[in-house]
There are 2 protein chains.
Amino acid sequence: MITIKDIAKEAHVSEGTVDRVIHNRGGVSKKTAAKVREILERHNFTVNPVASALAMKKKHQISVLIPEYTEADLFWKSPYLGVLKAATDVKSFGVQVHSFTFNQSDSDSYVKAFEDVLKTEPSAVIMVPNFSEETTQIINQLESLKIPYLFLNIDINGYNNMSYVGQDSYTAGYIAAKLLHRQAQETSEFLIIQSRHNSIKNNAISDRVEGFNNYFIENKIKVQPQILKIDDIANTEDSREIIKAYLDNHLQIKVVFVPSSRIYRVVNCIDKKRLKQLELVGFDNTPQNTACLLNDSVSFLISQKPFDQGYTAVRLLTDYLIEKKQPAEKIYLPIDILIKENVQYNGRDEYISESEPSAQYVKE
Amino acid sequence: MITIKDIAKEAHVSEGTVDRVIHNRGGVSKKTAAKVREILERHNFTVNPVASALAMKKKHQISVLIPEYTEADLFWKSPYLGVLKAATDVKSFGVQVHSFTFNQSDSDSYVKAFEDVLKTEPSAVIMVPNFSEETTQIINQLESLKIPYLFLNIDINGYNNMSYVGQDSYTAGYIAAKLLHRQAQETSEFLIIQSRHNSIKNNAISDRVEGFNNYFIENKIKVQPQILKIDDIANTEDSREIIKAYLDNHLQIKVVFVPSSRIYRVVNCIDKKRLKQLELVGFDNTPQNTACLLNDSVSFLISQKPFDQGYTAVRLLTDYLIEKKQPAEKIYLPIDILIKENVQYNGRDEYISESEPSAQYVKE
DNA sequence: AATAGTTTCGTGTGCGCACACACAAATATA
DNA sequence: TATATTTGTGTGTGCGCACACGAAACTATT
């Protein structure tokens with residue numbers, strides 16, 4: 001392994017000079033800089049990140065702005081755990097990670113959490129954008145402070161975010177349609193159940209629905225999916241009534257698509273008897289949703305690898321901060337198709353306890 | 001971040017003593033050892049792997065024994081690239097990785113490659129077991145030299161391998177059956193096409209077939225999959241004849257399962273016209289197989305994440321060598337269900353050029 | 001009690017790099 | 001020409017740890 005010392009010797013300069021060239025610190029004459037650069041390139045030199053991390057005086061700070069999770073909606077726990085795991089992995093590289101959470105139905109908490117983010121004086125920020133107006137404000141601040149920022153899970157356009165880490169939601173919805181269509185009878189009708197609960201415009205969900213609908217259009221299939229919007233899916237009694245009434249009036253509906261992570265709530269609203277005659281597809285392997293797969297009430301789940309999203313985002317920014325590696329503009333994680341049989345091998349890492357985030361992929 | 005120096009200060013001993021306790025180097029009185037250990041545990045101390053790697057005098061050597069790949073059978077390129085990627089990632093931790101390949105139909109090359117492995121004086125070995133007799137010999141040598149070894153991709157029993165990294169092949173086959181059955185007509189018959197080409201007993205393939213068959217038995221489905229064994233699937237003309245004859249004689253066969261990565265060869269042996277009436281499922285997203293997905297000749301591929309297998313194995317052993325982390329006995333990677341629409345997001349990292357193994361998950 | 005042998009422990013050095021500081025050379029200013 | 005100012009370059013220190021060396025403290029032997 002070639003070191004700075006080796007380069008210095010070959011160029012007949014001191015290690016300090018080589019260091020200046022490598023980091024463009026300036027104060028080196030053009031002639032010697034060129035000479036050193038030539039030797040660096042010829043040997044394909046890269047700094048030893050281990051030694052670099054150890055010697056680095058200035059510690060880096062990555063701050064994360066992410067929705068909070070609750071027992072009823074565990075989805076956001078996964079990205080959080082991914083961030084946490086990455087944080088322990090990069091700690092010894094001199095990178096600190098701090099997370100701040102907000103309530104997705106309270107824009108004030110969003111702004112407040114962001115203020116806390118700023119207090120950490122971050123070198124870079126990972127954020128899940130919510131509330132368009134507030135987001136614009138937040139990003140204006142980040143840009144004037146020249147803090148690079150990365151969007152996680154939700155992709156929005158018109159900003160100079162350094163990258164996006166998440167899923168191609170359109171294709172995910174398209175795949176859901178394909179899986180359902182292939183299993184359905186000729187005469188089946190399709191229903192999309194959407195929750196109006198969180199009034200925030202969520203691009204991911206609308207993109208999924210668009211992909212879902214476009215599957216039938218593109219493939220010239222004479223199916224017109226119907227949409228049932230429910231105000232508060234968390235209210236089981238009301239929702240049960242609404243869904244029952246709808247299904248009673250549309251007996252040809254054999255297929256239900258829930259473009260959010262709340263499919264377990266929909267399942268809770270449908271009689272067991274009727275469930276057996278339906279094919280359901282939803283998103284995300286939260287514990288509740290996974291349970292629905294295992295008891296055969298849901299046919300497929302599409303996972304967006306939320307744990308990996310958090311993990312990848314932190315690692316990406318770390319590489320950027322330490323090695324100046326520019327990440328790709330869009331980083332689309334795999335679209336996982338989960339069924340009863342393979343769910344156990346997927347995301348074993350996602351819902352482990354926070355105290356031992358290292359035990360992944362392990363089968364008991 | 002707490003350091004050895006901090007511990008030493010608190011225990012009123014020198015850093016050297018703490019170091020001895022941490023690494024069980026001996027030469028510490030029971031009393032002081034206990035005192036230091038108590039403080040270590042109370043602070044939940046772990047060595048800084050970065051500093052540790054930098055200071056480590058003795059470099060570790062991981063050697064890999066893996067089948068070679070050819071243009072016609074690119075499968076083994078993926079684990080190789082995974083190993084390669086991991087190698088660059090762990091290089092600065094003082095871990096060297098060397099790969100040695102062998103021809104899967106030539107047991108001599110297996111033994112010879114292993115001799116080369118031994119010459120590197122490895123601290124640990126990753127191997128894909130082949131040829132039962134020779135494997136026993138090899139493992140005897142490893143055990144007498146007390147070199148820990150890990151099985152990759154192919155799981156065999158009766159050895160003291162430190163771990164297995166790969167897929168649950170039985171379940172993978174079971175899933176293949178389920179996917180096919182759900183799409184098939186009531187009257188369809190199922191055909192398994194197996195290649196006898198490589199005469200070596202491959203547990204993975206027989207496990208897949210077992211899982212495939214058991215799906216129908218467990219679920220009491222009156223389907224008896226038929227098996228067609230082909231001597232040399234690489235011989236397209238002969239195979240074409242054989243398959244055509246078989247399908248002509250069994251017109252109810254609508255579903256074909258190929259429990260290996262050679263499904264593209266089977267596709268090449270079937271008329272386009274007939275292909276449209278068949279549902280095919282195979283394994284592994286090699287470029288040729290992926291092409292079959294994209295042109296609709298294959299419905300599903302099941303991926304065993306070969307790149308990740310190689311990568312994971314190296315990282316696992318690195319953690320063991322550096323931090324003494326004992327890996328789990330079996331590490332089952334996810335069983336990926338791939339279709340035309342999601343294959344592009346899967347394993348983008350697998351078939352990239354060897355020169356830039358860092359560009360993963362990237363969408364152009 | 002003196003010596004040799006053994007156990008227990010502290011000190012020093014270097015891994016490869018980042019960065020502060022000192023100092024020399026080149027140039028500008030008086 | 002002498003002095004101030006600006007480049008350009010070398011040296012030294014420490015990040016946290018692994019490990020060699022040697023010095024105490026202690027035990028065994030005569």
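Letters A, B, ... mirror the listed sequences (proteins, then strands); counts begin at 1. The figures that follow rest on heavy atoms only: side chains count, while hydrogens, waters and symmetry mates do not.
Proximity note for A/Ala55 (side chain, C-beta onward) versus C/dG10, C/dG16, C/dA20: the nearest is C/dG16. Residue B/Thr3 places its side chain closer to D/dC17 than to any other of C/dG10, D/dC17, C/dA18. Distance from the side chain of A/Ile4 is smallest to C/dA18 among D/dC17, D/dT9, C/dA18. Among the nucleotides D/dC15, C/dG16, C/dC19, the one closest to the side chain of A/Arg25 is C/dC19. Nearest to the side-chain atoms of B/Ser52 among the listed nucleotides D/dT9, C/dG16, D/dC17 stands D/dC17. Of the listed nucleotides (C/dC17, C/dG10, D/dT9), C/dG10 has the atom at the smallest distance from the side chain of B/Thr17. Here the nucleotide nearest the side chain of A/Ser29, chosen from D/dT9, C/dC17, C/dG16, is D/dT9. Between C/dC21, D/dA18, C/dG16, one nucleotide has an atom nearer to the side chain of A/Asn48 than all others, and that is C/dG16. Listed candidates were D/dA18, D/dG16, C/dA18. Nearest to the side chain of A/Met56 is C/dA18. In the set C/dC17, C/dC15, D/dG10, C/dC17 carries the atom at the smallest distance from any side-chain atom of A/Val47.
Going from atom CZ of B/Phe93 over to atom P of D/dG16 covers 16 Å, rounded to whole Å. Protein atom NZ of B/Lys9 is 13 Å distant from nucleotide atom C1' of D/dG16, rounded to whole Å. Taking atom CD of B/Glu323 as the reference point, atom C1' of D/dA18 lies 15 Å away to the nearest angstrom. In this structure, A/Ile2 places its CD1 atom 15 Å from C1' of C/dC17, rounding to the nearest Å. What separates CD1 of A/Ile22 from P of C/dC17 is a distance of 7 Å, to the nearest Å. Rounding to whole angstrom units, CZ of residue A/Arg20 and P of D/dT7 are separated by 15 Å. The distance between atom NZ of A/Lys5 and atom P of C/dC17, rounded to the nearest whole Å, is 10 Å. Atom NE2 in A/His23 sits about 7 Å away from atom P in C/dC19, given to the nearest Å.
Note on residues 19-34 of chain B: pairs passing salt bridge (Lys or Arg N to Asp or Glu O under 4.0 Å), not counting sequence neighbours, are B/Asp19-B/Arg25.
Ring orientation note: the planes of B/Phe307 and B/Tyr311 are close to parallel, at an angle under 30° on the 30°/60° scale. Ring orientation note: the planes of B/Tyr80 and B/Tyr69 are tilted relative to one another, at an angle of 30° to 60°.
Here CD of A/Glu115 is found 9.0 Å from CD1 of A/Ile138. Values are rounded to the nearest 0.5 Å. For the atom pair CD of A/Gln326 and CD of A/Glu329, the computed distance is 10.5 Å after rounding to the nearest 0.5 Å.
Residues B/Ser14 and B/Ala51 both approach DNA chain C. Their nearest nucleotides, taken by heavy-atom distance, put B/Ser14 toward the 5′ side. Nucleotides of DNA chain D nearest to A/Lys30 and A/Glu15 differ in position, and the one nearer the 5' end is that of A/Lys30. In terms of position on DNA chain C, the residue among B/His12 and B/Leu54 whose nearest nucleotide sits closer to the 5' end is B/His12.
If you check every strand for non-hydrogen atoms under 4.0 Å, A/Thr32 touches sugar and phosphate atoms only. Using a 4.0 Å heavy-atom distance criterion, B/Asp19 is classed as a base contact. Heavy atoms of B/Val13 sit under 4.0 angstrom from primed sugar atoms or phosphate atoms, though from no base atom.
One end of the helix from C/dA1-D/dT30 to C/dA30-D/dT1 points its axis 60° away from the other end's axis, with each axis taken from 5 pairs and the angle rounded to 10°.
Electrostatic pairing of B/Lys85 and B/Asp89 counts as a salt bridge here, judged by a charged N lying under 4.0 Å from a carboxylate O. A salt bridge is defined here as a Lys NZ or Arg NE, NH1 or NH2 lying under 4.0 Å from an Asp or Glu carboxylate O, and A/Glu10 with A/Arg42 meets this definition.
The environment of NZ in B/Lys59 is crowded: more than 12 heavy-atom neighbours from other residues, nucleotides or ligands sit within 6.0 Å.
B/Asn161 has its side chain out of reach of B/Leu150: every pair of non-hydrogen atoms, C-beta onward, lies at least 4.5 Å apart.
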